[in-house]
Amino acid sequence: MTKRTTVVLAAVLCLLLGYQVGVVSARGVESEVDGTAQARQLVASDEFDGAGLDTTKWSPYDSKSSNGVSRWKPEEVGVADGELRITGHGKDPSGKANTSGALCWCRGDGDRTYGLWMARAKFDAGAGFGVAMLLWPQSNQWPQDGELDLVESARPQKNTALSSVHWGSPPQGQRDSGKLTGDYTQWHVYAVDWQPDHIKYSIDGQTVYDTRYSSKKPGIPNKPMHLVMQQEPGPFGAPGWIPAPDASTPDQVTFHVDWVRVFA
């Protein structure tokens, strides 16, 4: 099984298990986001303010996507107007003619053990394209070396945000998650604070999930991981996960990223 297929197959398991639910509050967003990184040392970042993608950091995918019929193409990933744009095209209900983009910060200093990853992003609405932002193990050994999902938003309206931790033994391991509802077509700051004894996810400073309060006692990854961002073409996964595109799907669906910052 390829890395790309494994990443999204793991995400599909989220449909089968329960999760915490909350509502995003817009009040005090900037101060709470700043507070999340307070007293933390910035060790790496990309503000996407250059003329193109920094390929000393990022590696775009050029492969079939996880549904096995659509494709991830490097030309669907680019930098313009101060943001990273991962675009998706196509309304083929079978998925065969549809394309999108994905990339990993798996070059340079992208692989790290522990820290705080933050990204400001928004997701275009549109059936047939789901988004995922996650930490994936450098070893490519899943699930034993873990997976940390900052956010997955698969619904056409982009009105749910799921954050998950994966651990355990093959073939499927274990998973625990939290979920918030909101308008994720607007800008939000997504964060995962990965420490030796806990993992905490937040959106705009609001906690989505914290392993310290989980009855499942998740295993905490302890090997290097790197950031992955992908827009997954549908149809894919269990019914209701990423549906096929339809007549309502825009001609282009974009996953926008304003910046990515990593703190020690």
Side-chain angles (χ1 to χ4, degrees), residues 1-17 43-44 46 53-74 76-77 84 86 99-117 119 130-152 154 162-177 190 192-196 199 201 211 218-233 236-238 241-242 255 257 260 262:
M1 183 179 293
T2 67
K3 169 179 173 179
R4 283 84 178 176
T5 301
T6 304
V7 169
V8 180
L9 283 177
V12 171
L13 297 177
C14 297
L15 292 175
L16 306 178
L17 301 170
V43 293
D46 198 333
L53 187 69
D54 184 350
T55 54
T56 67
K57 298 177 179 176
W58 302 99
S59 178
Y61 295 178
D62 187 1
S63 67
K64 284 187 177 181
S65 66
S66 298
N67 63 12
V69 294
S70 304
R71 286 200 66 86
W72 277 313
K73 293 186 174 182
E76 296 281 27
V77 177
L84 172 70
I86 305 171
T99 62
S100 190
L103 71 168
C104 60
W105 190 341
C106 46
R107 295 174 176 169
D109 58 359
D111 285 290
R112 299 176 177 275
T113 306
Y114 309 129
L116 170 65
W117 279 255
V131 300
M133 187 158 30
L134 56 103
L135 299 185
W136 183 258
Q138 181 182 25
S139 68
N140 203 28
Q141 298 298 307
W142 186 94
Q144 55 268 45
D145 286 346
E147 174 189 341
L148 306 180
D149 301 316
L150 283 75
V151 59
E152 293 175 282
L162 190 73
S163 298
S164 306
V165 56
H166 296 259
W167 75 98
S169 302
Q172 295 182 339
Q174 301 181 67
R175 182 204 62 85
D176 201 17
S177 299
Y190 302 89
V192 57
D193 192 1
W194 169 29
Q195 298 300 321
I199 299 161
Y201 299 99
T211 57
I220 307 299
N222 59 11
K223 296 180 180 179
M225 307 181 90
H226 54 253
L227 183 67
V228 171
M229 295 186 287
Q230 57 192 32
Q231 184 164 238
E232 177 66 38
F236 184 76
W241 183 239
I242 302 176
F255 173 0
V257 185
V260 173
V262 185

**Student:** If you take all heavy atoms of G146 and P137, which pair is closest and at what distance?
**Tutor:** O-CD, 3.1 Å
**Student:** If you look at every heavy atom in S66 and E232, which pair is closest and at what distance?
**Tutor:** N-OE2, 3.3 Å
**Student:** If you look at every heavy atom in I242 and P233, which pair is closest and at what distance?
**Tutor:** CG2-C, 4.3 Å
**Student:** Specify whether W105 and W58 have parallel, tilted or perpendicular ring planes, treating 30° as the upper limit for parallel and 60° as the lower limit for perpendicular.
**Tutor:** tilted
**Student:** How long is the straight-line distance from NZ of K223 back to CG of D111, given to the nearest 0.5 Å?
**Tutor:** 13.5 Å
**Student:** Is S59 reaching over with its side chain to a backbone N or O of C106, donor-acceptor style, under 3.5 angstrom?
**Tutor:**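 Side chain of S59 to backbone of C106: no pair is present.
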**Student:** When you compare the side chain of L134 with that of M225, does any pair of heavy atoms fall below 4.5 Å?
**Tutor:** no
**Student:** Run the side-chain hydrogen bond (donor to acceptor under 3.5 Å, both in side chains) test against D193 and tell me which residues pass, sequence neighbours left out.
**Tutor:**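 Checked D193 against side-chain hydrogen bond (donor to acceptor under 3.5 Å, both in side chains); matches are R40, Q195.
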**Student:** Is there a side-chain contact between W72 and L103 in this structure, where contact means two heavy atoms from C-beta onward sitting under 4.5 Å apart?
**Tutor:**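 They are not in side-chain contact.
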**Student:** Taking C-beta and beyond as the side chain, do P60 and L53 meet within less than 4.5 Å on heavy atoms?
**Tutor:** yes
**Student:** For Y201 versus S163, what's the shortest heavy-atom pair and its separation?
**Tutor:** CG-CB, 3.6 Å
**Student:** Is any side-chain heavy atom of K64 less than 4.5 Å from a side-chain heavy atom of R71?
**Tutor:**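 Heavy-atom side-chain distance check passes, below 4.5 Å.
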**Student:** Just verifying a value: how many Å separate S65 OG and Q231 CD, rounded to the nearest 0.5 Å?
**Tutor:** 11.0 Å
**Student:** So L162 and V151, side chain to side chain contact (heavy atoms under 4.5 Å, CB included) or not? Walk me through it.
**Tutor:** CA-CA 5 Å; L162 190 73; V151 59; over 6 Å; no
**Student:** Flag the pair D176 / W167 as yes when at least one side-chain heavy-atom distance between them is below 4.5 Å, and no otherwise.
**Tutor:**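 The answer is yes; the side chains approach within 4.5 Å.
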**Student:** Nearest heavy-atom pair of D145 and S139: which atoms, and what distance?
**Tutor:**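 Where D145 meets S139 most closely, the heavy atoms are OD2-OG, 2.5 Å.
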**Student:** What I'd like to find out is whether the side chain of P224 reaches to under 4.5 Å of the side chain of R112, using heavy atoms alone.
**Tutor:**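 SC-SC contact between P224 and R112 ruled out.
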**Student:** Could you check if a side-chain atom of Q230 sits within less than 4.5 angstrom of a side-chain atom of I86, using non-hydrogen atoms only?
**Tutor:**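 Q230 vs I86: side chains apart.
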**Student:** Quick one: ring pair (Phe, Tyr, Trp, His ring centres under 6.0 Å) partners of W194, sequence neighbours excluded?
**Tutor:**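 Y114, W117.
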**Student:** So do the side chains of Q144 and P170 get within less than 4.5 Å of each other, counting heavy atoms only?
**Tutor:** yes
**Student:** Do you know which two heavy atoms are closest between G219 and V165, and how far apart they sit?
**Tutor:** O-CG2, 4.2 Å
